[in-house]
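Keep in mind that the numbers below use all heavy atoms, side chains included, and drop hydrogens, waters and symmetry copies. In this text, all values refer to a predicted model and were calculated from it rather than measured experimentally. Just so it is clear: chains get the letters A, B, ... in the order the sequence lines come, proteins before strands, and each one is counted from 1.
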Amino acid sequence: MVAESIQAARTVAPPRVRPTLTTVPDAAPTVFDLTDVEVFYGSFRAVRGVTMAIHKNQITAFIGPSGCGKTTVLRAFNRMHDTTPGARVAGKLRYHGVDLYDPEVSAVEVRRRIGMVFQKPNPVPKSIYDNIAFGPRVNGVRERGKLDAIVETSLRSAALWDEVKDRLSASALGLSGGQQQRLCIARTIAVEPEVVLMDEPCSALDPIATARIEELMRELKSRFTIVIVTHNMQQAARVSDRTAFFSTELDSATERRTGTLVEYDATAKIFSNPGDQRTENYITGRFG
Amino acid sequence: MIDAAALRGRRDRADRSFRGLAIGAAATVLLVLGLIAVTMTARARTVIGELGVSFFTSSRWSPADGLYGALPFVWGTLYTAVIALVIAVPVSLGVALFITEVAPRALKRWLIYAIDLLAVVPSVVFGLWGVLVLSTVLPRSFLAAGVVLAIMIIPIITSLAREVLETTPVADKEAALALGATRWEMIGASVIPHSKGGIVGAVMLGLGRAMGETIAAALVIGSATGQITLDALAPGNSMPAVIANSWGEADTLQRSALIALAVLLFAMTIVVNLIATTIVQRSMRRARGTV
Ligand SMILES: Nc1ncnc2c1ncn2[C@@H]1O[C@H](COP(=O)(O)OP(=O)(O)OP(=O)(O)O)[C@@H](O)[C@H]1O
Ligand SMILES: [Mg+2]
């Protein structure tokens, strides 16, 4: 099934060359452009000094020890911090050159283009069908036939169709954890975003479900730009084109540990020949 | 080596005495309820013996002729309660949603405080307000009673609904927001489905309260010898109101009739609560995905 849809995808998009050590297509258009991004929770500066560019149709992985701010940075990409009381983003975060935090920019519009899959699968307490159809509906798709088609193609893309096609009207909460997470992925791609942000999407899944989702990501890459947070370094090495390593350091101003971007480069480079000692320590398992 | 005996029988004494206490308390509550039901039913039997089922089916209540038909009061109770719900439910849900999803934090605290204060205002105060203020614009009638009851149950429904709405997991809300939903779309997709059961429960509790409310209804309903009419501006009467208003000068048979009304009201509120519990449980099961 998955193989089939990969085939299908191949017929529309030419196969990509897997990047080797030096051939990450730097020339790929920039989607996000961050300059000195900082995120605060109240007066606590959780992250500082993040300067990086995310490229189109690539998979970018965020790795780093717990609490270093990977989730915090990821949530800045789709204005998810807007809903957290006290959270604030500083610095410049541009999406196709537009400042995402410009007061003119609407978070709703941003999130329609930049989707997110959360660490814990979070289907809403409605049917499988309604979970998928919700996004297209709020985007103005009303026709039943069109919705049906979107639901089917999204579920097929997420390799879930065969398992749920006979129970689309059953509650999504009755699915297994792995199925729920694939449902959440299906739901995200149903609105045809440009970017898909994924926060440890496999942390609650078994190796088989994880492998399916990784396969899925490689397949989706031709259609979406993907940013994934992961604690699994093999996963980062397997699926991503670029890897960003975050870590914490003592913020002399507040005496608290603040997250920061240590190194950002082609995945192959990060894992074979990192430029920073801290990166090397982390990927070889010597934490510190 | 651990032998089986060491694992068995180690439930400690505190645990056991707590169990005893809990069972005792539960038994006491049931006993009191049972006693009330038994003594009330016993005293209600006089009127049933005298009039038979016509107590439940007749719409004539005429103590002078020894006729006691409960229907007008059943009607008055249900009609005023429904009017109260029609007014109170949209207002309560609106206020509860405003508090949980829209109001800035500072305002939110004050609103919660104000609603909780309203919930503890004695009902006689609302009743007197109805007599003094409301009656200048509305005649004493089903509608006037419905309005006063609505004002009384708005804080109850609001405060319960707010608590339910607030339990919506952040993850559920973020799920909708991340798909580009506006705040209202998010409420429809995440908050309401999550809270449906609890909201129904809150409304039913409000209904129970409205049905049983005595003094406020007694003051503004008009205390006409009950009539069954849809005319909301007609004066009427309700079960608790007629009990309170005519107990004093009632003879034995009439008292028995009033007690029978009370037992009937008791049964009706139990039915309302059973229905509420069933709806709440079913919607919770559905939300959990077992249906
Ligand atoms: N809502 C919040 N309010 C206050 N502090 C927060 C909040 N969310 C995160 N933090 C703090 O910000 C820092 C970064 O947290 P974040 O969740 O981004 O880390 P992470 O790298 O994703 O960690 P993990 O790998 O454990 O998920 C931590 O110190 C955390 O305690
Ligand atoms: Mg995280």
Side-chain angles (χ1 to χ4, degrees), chain A residues 74-75 77-86 106-128 130-140 167 169-176 179-180 183-184 187-193 196-199, chain B residues 97-112 161-201 279-291:
Chain A
L74 196 72
R75 288 167 64 89
F77 284 113
N78 67 339
R79 299 259 310 246
M80 220 53 201
H81 288 303
D82 288 19
T83 58
T84 314
S106 133
V108 170
E109 290 303 324
V110 168
R111 298 189 196 118
R112 282 179 186 182
R113 290 168 177 77
I114 306 170
M116 185 166 224
V117 177
F118 298 81
Q119 173 169 3
K120 211 169 130 258
N122 58 349
V124 293
K126 287 190 159 193
S127 70
I128 293 172
D130 284 337
N131 263 274
I132 310 267
F134 174 71
R137 278 194 188 121
V138 302
N139 283 286
R167 49 197 277 220
S169 57
S171 168
L173 301 187
L175 297 173
S176 77
Q179 291 173 326
Q180 288 188 7
L183 179 73
C184 292
R187 181 174 73 182
T188 303
I189 60 185
V191 297
E192 296 279 326
V196 178
L197 308 171
M198 297 178 153
D199 192 356
Chain B
L97 277 173
F98 179 77
I99 291 177
T100 52
E101 303 298 334
V102 184
R105 257 200 288 184
L107 180 58
K108 183 175 159 162
R109 275 214 358 252
W110 284 105
L111 277 173
I112 292 174
R162 176 186 68 79
E163 274 172 34
V164 175
L165 294 175
E166 237 151 42
T167 61
T168 310
V170 175
D172 279 28
K173 297 194 199 173
E174 290 189 338
L177 291 175
L179 292 166
T182 61
R183 178 148 53 193
W184 292 109
E185 289 161 345
M186 179 278 285
I187 288 171
S190 305
V191 178
I192 300 294
H194 174 85
S195 320
K196 236 188 304 184
I199 290 173
V200 171
I279 295 174
V280 170
Q281 275 172 357
R282 189 170 335 132
S283 77
M284 264 161 51
R285 260 204 317 268
R286 195 171 316 130
R288 259 190 254 114
T290 43
V291 169

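- Nearest heavy-atom pair across B:Ala181 and A:Phe134 is CB-CZ, 3.6 Å.
- Nearest heavy-atom pair across A:Lys126 and B:Pro193 is CE-CG, 3.6 Å.
- Taking a 6.0 Å sphere around CZ of B:Arg109, one finds it holds 12 or fewer heavy atoms contributed by other residues, nucleotides or ligands.
- Closest heavy-atom contact between B:Ala175 and A:Val124: CB-CG1, 4.2 Å.
- Interface residue A:Pro123: only backbone heavy atoms are found under 4.5 Å from chain B.
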Determine whether A:Arg75 and B:Glu174 satisfy the following criterion, salt bridge (charged side-chain N to carboxylate O under 4.0 Å, His left out), listing intermediate values before the conclusion.
CA-CA 11 Å; A:Arg75 288 167 64 89; B:Glu174 290 189 338; 2.6 Å; yes
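- For A:Arg187, the parts lying under 4.5 angstrom from a heavy atom of chain B are both the backbone and the side chain.
- Residues A:Pro125 and B:Asp172 are in side-chain contact: their nearest non-hydrogen atoms beyond the backbone lie under 4.5 Å apart.
- Considering every non-hydrogen atom in both A:Asn78 and B:Ala178, the closest pair reads ND2-CB, 4.5 Å.
- Expressed to the nearest 0.5 Å, how far CZ of A:Arg79 lies from CG of B:Leu177 amounts to 12.0 Å.
- Heavy atoms closer than 4.5 Å to chain B are found in the backbone of A:Ile114, but not in its side chain.
- Using a 4.5 Å heavy-atom cutoff, the side chains of A:Thr83 and B:Lys173 are not in contact.
- The CG atom of B:Leu179 sits 12.5 Å away from atom CZ of A:Arg137, with the distance rounded to the nearest 0.5 Å.
- Only the side chain of B:Arg105 comes within less than 4.5 Å of a heavy atom of chain A; its backbone N, CA, C and O stay farther away.
- Contact annotation for A:Asp82: neither backbone nor side-chain heavy atoms come within less than 4.5 Å of a heavy atom of chain B.
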